[in-house]
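Below is one structure, written out as structure tokens; the observations come after it.
A, B, ... follow the sequence lines: proteins, then strands. Residue 1 opens every chain.
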Amino acid sequence: MSDREIKVYKDLMGANAEWAAKTRELLKEKGIRMLNLIGSPGSGKTALLEKTAEMLGENRKFAVLEGDVETTRDAERLDCLNVPVSQLLTGGACHLEAKLVHHALIDLDLDALDLVFVENVGNMVCPAEFDVGENAKIAVLSITEGEDKPLKYPLLFREAGAVVLSKTDLAPHLDLDIRDYEKHIWQVHSGVPVLRVSARTGEGLDRWIAEIVKAGQ
Amino acid sequence: MHETAICANLVDAVLGELEKLADPKAVLRSVKIVAGGMHQLVPDNMNMAYETLTRGTRAEGSVLKIDWRPTLVQCSDCGAKSRVDSPFFICGDCESGNVKVVEGKELYLSSMEIGDEGDER
């Protein structure tokens with residue numbers, strides 16, 4: 001018999017999408033918002049969360065799902081600030097998938113929370129590809145990484161509901177113009193909110209806190 | 001390397017479809033997937049992951065074919081549909097950035113080519 005072609009239609013992200021939908025349903029039922037922070041290793045995601053915990057003080061009702069390939073160092077940093085944190089170790093995988101996030105989420109005391117941050121594995125490519133059931137993806141880009149990064153990794157910036165431009169205190173020491181970062185971000189995703197922040201000096205953190213408080217309501 | 005995770009899903013889907021075939025002599029020659037430009041898949045990484053993950057399975061030796069689909073945006077200002085060939089997500093007609101991605105997010109297994117054991121390819 002000669003070769004024959006069988007037509008099939010199988011979504012290759014189908015299983016991930018089902019877990020993401022389950023998470024979204026659970027978050028809605030519990031009245032919790034979930035933000036998925038995505039950026040390079042060293043872009044300042046953990047520092048931003050540390051400052052967030054400090055600034056919100058006793059009023060905070062958020063938890064962090066901390067994704068890393070190895071080590072619990074980031075989780076320990078947040079644990080010191082008494083933030084409920086679950087460490088998700090991918091053991092080599094470069095991104096978090098919806099099933100892992102869902103299982104970590106149901107282990108949290110959800111009735112005590114109104115906001116959950118997912119700190120994804122440091123990587124600008126793969127995490128952008130995987131829906132983990134979040135309400136919004138937040139891209140974190142530090143100004144030491146180069147202003148062309150939004151053009152090189154368009155999916156992340158296209159998918160992001162907001163972009164945090166971090167380490168802005170370093171601008172005077174570097175040969176750059178922060179407006180070039182914004183220009184490139186908006187060429188990929190016109191009009192997306194860009195928040196300039198420095199976890200070191202506190203610049204822009206008020207706006208960041210206002211945005212996440214709004215997100216948690 | 002999101003290609004590896006995507007290929008793992010692909011191989012699961014392919015093996016599942018092969019299980020459904022009544023003919024025990026059927027062998028898989030090739031599989032075709034449709035992949036939109038938004039996924040930024042690297043062909044070499046896809047092929048390497050596919051070859052590695054099919055080793056020792058009924059899909060071993062089959063070829064992965066990729067039907068690439070361009071990223072298309074529709075302009076919310078002038079309504080035109082255009083192809084995104086540069087990193088800029090702008091309307092090809094009026095250059096507005098007020099656009100929505102309407103195609104380019106596809107990622108699915110579309111067909112499988114089956115032959116019989118012992119037949120020449």
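L12(A) approaches L10(B) most closely through the heavy-atom pair CD2-CA, 3.7 Å. Shown here for G97(B) and S190(A), the closest heavy-atom pair between the two residues is O-CB, 3.1 Å.
Contact check for P154(A) versus M38(B): no side-chain heavy atoms found under the 4.5 Å cut-off. Taking the side chain as every heavy atom from C-beta outward, H189(A) and F89(B) never approach each other to under 4.5 Å. Using a 4.5 Å heavy-atom cutoff, the side chains of D3(A) and I114(B) are not in contact.
No part of F157(A) comes within reach of chain B, as not one of its non-hydrogen atoms sits under 4.5 angstrom from that chain. Contacts between K25(B) and chain A at a heavy-atom distance below 4.5 Å are absent for every atom of the residue. Using a 4.5 Å cut-off between heavy atoms, V99(B) contacts chain A through both its backbone and its side chain.
Rounded to the nearest 0.5 angstrom, M13(A) CE and I6(B) CD1 are separated by 4.5 Å. The distance from atom CD of Q40(B) to atom SG of C126(A), rounded to the nearest 0.5 Å, is 10.0 Å. Rounded to the nearest 0.5 angstrom, K10(A) NZ and S110(B) OG are separated by 13.5 Å. The CD atom of E5(A) lies 4.0 Å from the OG atom of S111(B); values are rounded to the nearest 0.5 Å. The CD atom of E113(B) sits 10.5 Å away from the CD1 atom of I6(A) when rounded to the nearest 0.5 Å.
By the side-chain contact (heavy atoms from CB on, under 4.5 Å) test, V125(A) is found to be paired with N123(A), Y153(A), H2(B), residues two or more places apart in sequence or in another chain being considered.
Sparse packing is recorded around CD of E95(B), with 12 or fewer heavy atoms of other residues, nucleotides or ligands lying under 6.0 Å away. Counting non-hydrogen atoms of neighbouring residues, nucleotides and ligands closer than 6.0 angstrom, the CZ atom of R207(A) exceeds 12 such neighbours.
Here R4(A) pairs with D23(B) in a salt bridge; the nearest charged N to carboxylate O distance falls below 4.0 Å. The pair E159(A)-K105(B) meets the salt-bridge criterion, with a side-chain N (NZ, NE, NH1 or NH2) lying under 4.0 Å from an Asp/Glu carboxylate O.
Among the residues in residues 165-179 of chain A, none has a non-hydrogen atom closer than 4.5 angstrom to a non-hydrogen atom of chain B.
Highest contact tally toward chain A, considering only P87(B), A26(B), S96(B), A35(B), is held by P87(B) [criterion: heavy-atom pairs under 4.5 Å]. Each of V31(B), L21(B), N9(B), I90(B) has some count of heavy-atom pairs under 4.5 Å with chain A, and the biggest count is that of N9(B). Annotation: maximal heavy-atom pairing with chain B below 4.5 Å, among R158(A), K7(A), H184(A), occurs at R158(A).
Under the 3.5 Å distance criterion, the side-chain polar atoms of D11(A) are left unmatched by any main-chain donor or acceptor of Y108(B).
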